[in-house]
Each structure stands twice: as structure tokens, then as C-alpha cells.
Amino acid sequence: MTAIDLSNGESWLWQFPPGTGKNEPDLRALYGTPVVSKGTVFLGGYDGVIYALDLKDGSLKWMGATNGHIVGGPAVGDDTVYIGSSDRCLYAFATDSGEPRWGEPFCTGSKVWSTPVVEGGTVYVASMDKKVYAVDAATGEPRWSQPFVADAALTSTPVVVDGKLYVGALSKRFYALDAATGELEWSFNGDDWIWNRAAVADGVVYVGNLGGHVYALDAGSGEMRWQEPFEAVGEIRGATALVGETLVVADKEGNIYGLNAAGGSQEWVAQVGSGVLADLLEAEGKVYVSAKNGDVLIVNPSDGSISLLGAAQ
Amino acid sequence: MDPLGFLWNQVLMDPMTNALIVLTNVFFGSFGVAIIVFTIVMRGITFPLTLRQLRSSRALSALQPKIRDIQKKYTDPKRRSEETMKLYREVGVNPMGCLLPMLVQMPIWFALYRVIQIALGSTPESMIDLSHRLYPWSYIQHAVPLGERFLWVNLGERGDFLLALLVGASMYVQQKMTIPPATDERQQSMNSTMLWMMPLMFIFFSLQVPNGLPLYWFMSGLVGIVLQYMYLGSNEFSWRSLLSLQPATARKGGSPAEKPAAREEEPAEEEETTVDAAERRYKKRSRHGRRRRKR
């Protein structure tokens, strides 16, 4: 985990673990996207531990252990951070101290690899037991009368927009649910597993899949908005980023595409020399890409020009 | 795709992965039971090869004293080689006979090793790799992820000591059954090393990999023990010999572990007996072949 000063690409603020001491934690791997809230960075390690770091210097504030590997990222709501674990459970920790918020973690029937979402006092979490759960953020009690049951395991992170929850499954199917009740509103059948989070804007849902296809669906009906899906060369693992009228998509073969969000046509394509598996990050009109070889790149969504911000060690 | 890659992925890995997932579905979602059944089925399919390997290796070990005699008798390497090949021809033994079946089986076992790792889908990488290998049938696609719990073991985790010990024990028994009786001190020392080295190595490996693999090794070992026992029979192998922590030495008659002292005193006679038996079998086969040709 590396913190970079965006105002000066050369300025690498800190790294965690810092690589200086013997008794440093061994994260083993970092799959989920870290979250920053009120001066603290939260990240989940594949070692099964959630780490809270000081945003300024990366020093460790507290650690919270789960009983399985952590693959998804954390989600922060009010003064609580939520994270799922391969031990099948969803955990809630106080953001300032790391104390568990609930008496017991909320447990599902299989691994929780997706990142939870906090919206209006409810935590939504998708599990590999093929179910989507809505949990009271304060108590950890279920909110829906019963969880929504999909037709396959769920690893993608749900998105909640305008009272609807959108989530893709490892069955090619993409679902839109009523966030208040968990009832199915519509579903769409693609051509491969959906691994990443969808992007939702202006009544359109954009979602990519492991078959390398990107779909634009009507948020109300699930109908396809583009004449045909966009076809990338490689599988689309990370979340897409929507900047203005351009949808930026990255694939495992290292291609970055700029698509016209309205019609799905390709505006530009750039090669970064290494596969992209992580979610794309949009900030101040630019897209930040973390490539598999450790390079951190800035993509200009208007023309696809790429500049190297630095290389992670 | 290159032909080797095609063979490896489309002919070995993908069918094995999907078969394992179908078995998991059939056996009520238990991946552990699927591994056990799959191992038994695979050992059954490769049984003719295993049998050939067992026969060749037994025949070769029985010839060792005669080969040593040839080596002592002839100093010229060419003559040595000729005489050795002549001996092989006389008793009807092919020196490649135990190597070839093993070579044929090895890709299958390597593939199975990878398949178990992939099917468990313990990391996002292995889960996505799995997605590319699954056949597009909802019966298979919807079975993912596979249940990782089996008895006391989490098949996706590593480091179960009891399972590792079971692997070591099955390996020890197999070694006891496979290692031919030693005819001299040098061979005895080598056999001792082999007897303990393999189980200890596999205990170490078992602690380093996801528990699904040690389960496969343990089951494969058990099936191997049963096959070996069926081949050797109760005359040539005694379960009591397992109590001795030393490998067997050559002797005349009875269980190899029962009379180690007596065995060391009369190695030549024992080997003569085994070789003679091989020669008798060879002559019988030749007579049978001649009779068939006459007909």
C-alpha cells in the first residue's frame, strides 16, 4: 500500500508496511480498494486483518482480526468501518479504536469477497452463498425479511443508487433489486461472469465482465442502451470509471479504452504495457490506473494520453 | 494454441476440473468426497499402467544380484551392457517397463494437483482461472464456489498437521511395500534413507499446500497400498512388517521383516530363488508362445 502526493508525482508519501522493522505485518496480498475517512486509511489484507493507518504518515492506528482471508475492501459509514471475510462473516469495527461494534459479526453461508456498501443506515453485502443481505448498520440485524437469492455466487460489489441495488453474479446474470425490500426489479443475462462493480449515472448502468464485454443497461428496465456491447480484448476485472461523457475501461491485457457513454463507440485506446486488475479511480477529472507491474498511471479521459505517476516498490 | 498447451488444457485440465465439479454436485456439495472418489476413479483408470510398473520393478529388483555379478565379472563397459541386456532378454524383462508407465501417469498426476488447486478457488486469481475452464452448463457454473469443509479440514487452507501425518503414514506403508529387500549393507542404508525420506518430505509438502492436495495424496496412497497388497498378496507382504522401523533385507521365505538376521546371512540364495522364478515364468511363457505358433 503506497500513498502518493498527486500534486507532485515524485513525492511518495509513505508505504505500508514500511519495510523497516522485523515485526511488521505480512499482508500477503491486497485485493480490495482502500478507503479514506476522517484522516484514516482503512485496508483489508489477505492475512485476514483490517488495518487502520494514519493518513499523514501511514503509521498503524489499530488492527482488527477476522478468521479468514480478506479479499473485498472496507466500507465506512458514520463512525464504523465494515468489511467482509472468507470466514463467511461481515465485521463492524469502530473507526477510531477498532473495537467491534456488534456483539457478533453478521455471518452468511459462504465467503464474503465483495466490498460492503453503506447507505442510509443499512449495510448491503453480497456473499458467495448466492445471496445479497441488508443489515442494520448499528446493530448487525437483518433488514430484509429474507435475503435476495441469486442464481450463482456473488463477488462483485453492490451499488446502491436512487433506492435500487445493482449487483452482478458469477453466472453471467446482472440484477437490480429494490434496496428497501430486496425484491427483484429486473435482471439481465450477459455472456460471462461479472466480477466488478457497476458504474451508474444518469439512469444508465455500465458493467463489464470477464468475457471482455461492457454493457450499458437502462437503470429502470434493464434494457440494453447500446446497440451492442463493447468488446475489449481481455477480461474486465476492475471497476470502470465514468468521467463526463467518457466511460474508461481497462482490461487484463493492459488496454485502456475510452468509450462514448451514450453510444458505446470507442473514442480511443491506449496500451499501458501491463495488465490492469484493480478498480479505476476517478479524481479531479482524471483516471488513475494501477497496473499489474506496479506502475501507477494517469489517463486523460478526453484523449487517452497516459503519463506515468510512478512505480510502486 | 500450441499442441502441448492444447493437450494440457483441453484434454487434461479442463475435463478433470469439470469432472471434479460434477462429482461435487453428485456428492451433495462435498468437495472432499469428490476428491476421494475422483482419486479412486483415476487410480482405477491408470491401474493397468500401475500394474505394469509394479511387475517391471519387481522383476528388475529380483535381477539385481545377477546384474552385480555381471558388473564384477566384466570390466569392459560394452561387454557389461551386452551381458546385462542378454540377461534382460533371457528372463523377459524390459528395463524401460517400470519407467514408461510412470512417465505416462505423471502428467495426469500433475494435472490433478493443479486441478485441485484451481477448483478450490481460494484466491481471486484461481477463481477467475476456474471461470475460464468451466463448461458453459449451468449445472457446473452454479456449483461454484465449492464447499471447503470436509470432516475437520478446511480444504482451501494449509497446514493441517493431522492430515499431513496421515499422508506421511500412507507414504511410509507404501515405501515399506515397494522397497525391495536389501541384499547388501550399501543397499540397506539406501533403503533406510528412502523409507524415511519420502514420508518426511511429503509431510513437509503437505503443510505448505492447500489441504485438498494432502487429502488427494493420502487417498492416492491408500489406493496404492490396496493395489500393492493385491499384487503382492499375503505371502510376500505381512502387515506385521510395518512394525519394524527398518527396511526389509533379503531372506528365504516368510515375511521380509520377520527374520532380518537370517536374511542377511543368505541373500544370494533368496535372490537365486526369485530370479529362478522369473526365469521359470519366462520359459513357461516361451513354451506357451511356441505352442500357439505351432497351432
Side-chain angles (χ1 to χ4, degrees), chain A residues 28-32 44 46-48 67-73 86-88 108-115 127-130 149-157 168-173 189-196 209-212 234-238 251-252 275 277-279 292, chain B residues 1 5 9 13-14 17-18 20-22 24-25 27-32 34 116-150 152-160 207-213:
Chain A
R28 294 178 66 183
L30 192 56
Y31 290 107
Y46 192 67
D47 58 346
N67 295 314
H69 303 299
I70 294 177
V71 172
S86 296
D87 65 5
R88 304 179 296 132
T108 71
S110 188
K111 298 177 213 173
V112 179
W113 277 12
S114 88
T115 301
S127 167
M128 286 173 86
D129 66 357
K130 308 179 184 178
V149 183
D151 67 341
L154 302 151
T155 55
S156 73
T157 297
L170 301 189
S171 63
K172 310 172 184 177
R173 197 166 279 274
N189 215 12
D191 74 335
D192 212 325
W193 287 12
I194 298 165
W195 190 269
N196 55 35
N209 67 16
L210 295 184
E235 67 187 40
I236 298 164
R237 188 99 72 95
D251 73 13
K252 198 190 164 193
L277 309 177
D279 290 350
K292 205 175 161 188
Chain B
M1 185 186 284
N9 288 306
M13 292 284 290
D14 294 359
T17 306
N18 286 278
L20 205 47
I21 289 172
V22 168
T24 306
N25 270 353
F27 290 100
F28 315 105
S30 173
F31 188 52
I116 290 172
Q117 270 187 327
I118 291 166
L120 280 167
S122 306
T123 61
E125 290 88 350
S126 58
M127 182 63 97
I128 288 171
D129 191 3
L130 178 63
S131 81
H132 299 313
R133 296 184 183 279
L134 296 182
Y135 295 150
W137 308 324
S138 59
Y139 183 73
I140 287 175
Q141 294 261 340
H142 295 182
V144 174
L146 306 179
E148 290 184 337
R149 302 284 331 170
F150 178 65
W152 73 95
V153 183
N154 182 327
L155 299 169
E157 293 295 323
R158 62 189 70 196
D160 189 279
L207 294 171
Q208 310 301 317
V209 295
N211 292 325
L213 290 170

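Letters go in sequence order (proteins before strands), and every chain restarts at 1.
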- Message: Going by salt bridge (Lys or Arg N to Asp or Glu O under 4.0 Å), name the pairs with one or both residues in residues 136-147 of chain B, residues two or more places apart or in two chains.
- Response: none
- Item | Spacing of A:D192 atom CG and B:S131 atom OG [to the nearest 0.5 Å] | 6.0 Å
- On a heavy-atom basis, the closest approach of A:V71 and B:P124 is CG1-CG, 3.6 Å
- Message: Distance check, rounded to the nearest 0.5 Å: B:Q141 atom CD versus A:K172 atom NZ?
- Response: 5.0 Å
- Any donor-acceptor N/O pair, B:H142 side chain to A:D151 backbone, under 3.5 Å: yes
- Work out which heavy atom in A:M128 is nearest to a heavy atom in B:M127; give both atom names and the distance. CE-CE, 2.9 Å
- Task: Provide the closest heavy-atom pair for A:Y31 versus B:T123 in the form atom of the first, atom of the second, distance.
- Result: OH-CB, 3.9 Å
- What residues, two or more places apart in sequence or in another chain, satisfy side-chain contact (heavy atoms from CB on, under 4.5 Å) together with A:S127? A:T108, A:S110, A:V112, A:D129, A:Y133
- Please report the shortest heavy-atom distance between A:E235 and B:I128, naming the atom on each side. OE2-CG2, 3.3 Å
